[in-house]
Amino acid sequence: MICAFCKKEIDADSFYCDQCGEEIKICPKCGKAGKGKICTSDGTKLILAKDKQPEEDDKTIPVKQEVATPKPPPPGVKKIIDDTPPPKPEKKANPVITLRNNAVNITFSPKHEDIVGRKKGNFAHLFAQYKQISGQHAKFMYSPETGWMVADLGSSNGTKYKDKKLIPNNPVKLENGTHLLLANIEFFIEIV
């Protein structure tokens, strides 16, 4: 499926675009993704992908599974080993970072190691028209120890955080509710 917002290919069963983060709306009749209220192909009212009813052949029939019961040890033998598997640790998701500038209508959520620039990276389509943004301007990184960081990649017009110009290739920790300046475009940072 092609995202109606960023025109990138995404999985057909997606509820949100994994490239631009927009919530996916689809036509229940033709199955195409769209934005707005109606399908541009057939005029049917668009619905959220998460609200789509499964197709008849997608429905699964629950199967009752029999669970084997462990046999008790023979008389006179004590069970000394607990063969119960330990619980699996929960995998904690990385916090999501979103950068937003409503004045120029740019919102993006970079992933670890994403490059932002006019010519390189997953967001080049957002910055292509802004000549003040370098071809590869900055790089976003995440680690559980430090959180979200950004590094200027030697851009022509620089990157500023908390009113300080960043030294190229020197990552700086980002905080929720602060601002980042890429050339002359200021972004509000939200980390959830």
Side-chain angles (χ1 to χ4, degrees), residues 1-26 33-36 48-50 86-192:
M1 174 176 13
I2 302 296
C3 174
F5 294 91
C6 69
K7 306 298 183 212
K8 299 284 183 177
E9 188 169 331
I10 55 175
D11 293 335
D13 60 350
S14 297
F15 295 156
Y16 293 88
C17 176
D18 58 358
Q19 301 297 318
C20 68
E22 290 290 336
E23 189 166 21
I24 304 298
K25 290 182 181 179
I26 58 169
K35 57 184 176 180
L48 295 175
K50 65 182 177 185
K88 293 182 181 177
E90 284 187 33
K91 185 176 179 184
K92 197 172 181 182
N94 294 344
V96 175
I97 185 169
T98 303
L99 290 92
R100 180 175 288 115
N101 180 312
N102 292 334
V104 294
N105 197 26
I106 295 178
T107 300
F108 65 101
S109 294
K111 305 284 186 254
H112 174 63
E113 301 271 322
D114 266 356
I115 291 176
V116 173
R118 190 167 34 89
K119 295 181 180 178
K120 290 195 176 183
N122 290 332
F123 308 103
H125 64 283
L126 297 175
F127 294 100
Q129 68 184 10
Y130 298 100
K131 301 296 181 202
Q132 65 273 29
I133 300 290
S134 292
Q136 59 175 23
H137 198 97
K139 183 177 186 178
F140 289 85
M141 295 145 287
Y142 176 80
S143 80
E145 295 81 30
T146 57
W148 279 103
M149 298 181 294
V150 67
D152 183 83
L153 296 176
S155 63
S156 300
N157 294 310
T159 303
K160 283 187 178 180
Y161 181 64
K162 292 186 175 180
D163 293 325
K164 292 181 183 173
K165 187 170 182 174
L166 301 186
I167 299 167
N169 301 306
N170 186 15
V172 173
K173 183 179 181 346
L174 299 172
E175 296 173 5
N176 186 38
T178 57
H179 291 86
L180 178 72
L181 192 67
L182 298 176
N184 64 344
I185 305 174
E186 186 175 44
F187 291 93
F188 177 74
I189 299 171
E190 182 180 22
I191 301 174
V192 181

field: Non-hydrogen atoms of D152 and G158 that approach each other most closely
entry: OD1-C, 3.6 Å

statement: On a heavy-atom basis, the closest approach of R118 and Y130 is CD-O, 3.1 Å

message: Does N101 form a side-chain contact (heavy atoms from CB on, under 4.5 Å) with L99? I'd like the steps, not just the answer.
response: CA-CA 7 Å; N101 180 312; L99 290 92; over 6 Å; no

- request: Apply salt bridge (Lys or Arg N to Asp or Glu O under 4.0 Å) to K139 and list each qualifying residue two or more places apart in sequence or on a separate chain.
  value: E113

message: So, taking the atom named SG in C3 and the one named CD1 in I24, what distance separates them when rounded to the nearest 0.5 Å?
response: 4.5 Å

- prompt: What distance do H137 atom NE2 and I115 atom CD1 have between them, rounded to the nearest 0.5 Å?
  reply: 12.5 Å

message: If I compare all heavy atoms of N169 with all of L153, which pair ends up nearest, and what's the gap?
response: OD1-CD2, 3.7 Å

query: Is there any side chain to side chain donor-acceptor pair (under 3.5 Å) pair reaching into residues 177-188, and which pairs are they, with sequence neighbours excluded?
result: Q132-N184, Y161-T178

- prompt: To the nearest 0.5 Å, how far apart are OG1 in T107 and CZ in F188?
  reply: 11.5 Å

message: Let me confirm one number: the CG-CZ distance from N105 to R100, rounded to the nearest 0.5 Å.
response: 10.5 Å

statement: Closest non-hydrogen contact found for S156 with S134 is N-OG, 2.8 Å

- request: Could you go through the side-chain contact (heavy atoms from CB on, under 4.5 Å) check for C6 and H125 one step at a time?
  value: CA-CA 8 Å; C6 69; H125 64 283; 3.7 Å; yes

Min side-chain heavy-atom separation L182-L180 under 4.5 Å: yes

- request: Could you pull out all residues at least two apart from N94 that satisfy side-chain contact (heavy atoms from CB on, under 4.5 Å)?
  value: Y142

task: To the nearest 0.5 angstrom, please state how far the OG1 atom of T159 sits from the CD1 atom of I185.
output: 11.0 Å

message: Closer than 3.5 angstrom, by distance alone: can the side chain of S14 be matched with the main-chain N or O of C17 as a donor-acceptor pair?
response: no

- line: In this structure, CG of N122 is separated from NZ of K8 (nearest 0.5 Å) by 6.5 Å

- prompt: Taking the six-membered ring for Trp, are F127 and F187 parallel (under 30°), tilted (30 to 60°) or perpendicular (over 60°)?
  reply: perpendicular

message: Pair V192, T98 - check side-chain contact (heavy atoms from CB on, under 4.5 Å), show working.
response: CA-CA 8 Å; V192 181; T98 303; over 6 Å; no

task: Please report the shortest heavy-atom distance between Y16 and K50, naming the atom on each side.
output: OH-NZ, 4.4 Å

task: Compare every heavy atom of F140 with every heavy atom of P110, then report the nearest pair and how far apart it is.
output: CG-CG, 3.7 Å

query: Within a radius of less than 6.0 Å around NZ of K119, do more than 12 heavy atoms belonging to other residues, nucleotides or ligands occur?
result: no

message: If you define the side chain from C-beta out and look only at heavy atoms, does anything of E190 sit under 4.5 Å from I97?
response: no

query: When you look at CG of L48, are more than 12 heavy atoms from neighbouring residues, nucleotides or ligands closer to it than 6.0 Å?
result: yes

- prompt: Take atom CG in N170; do more than 12 heavy atoms of anything else shown fall under 6.0 Å from it?
  reply: yes

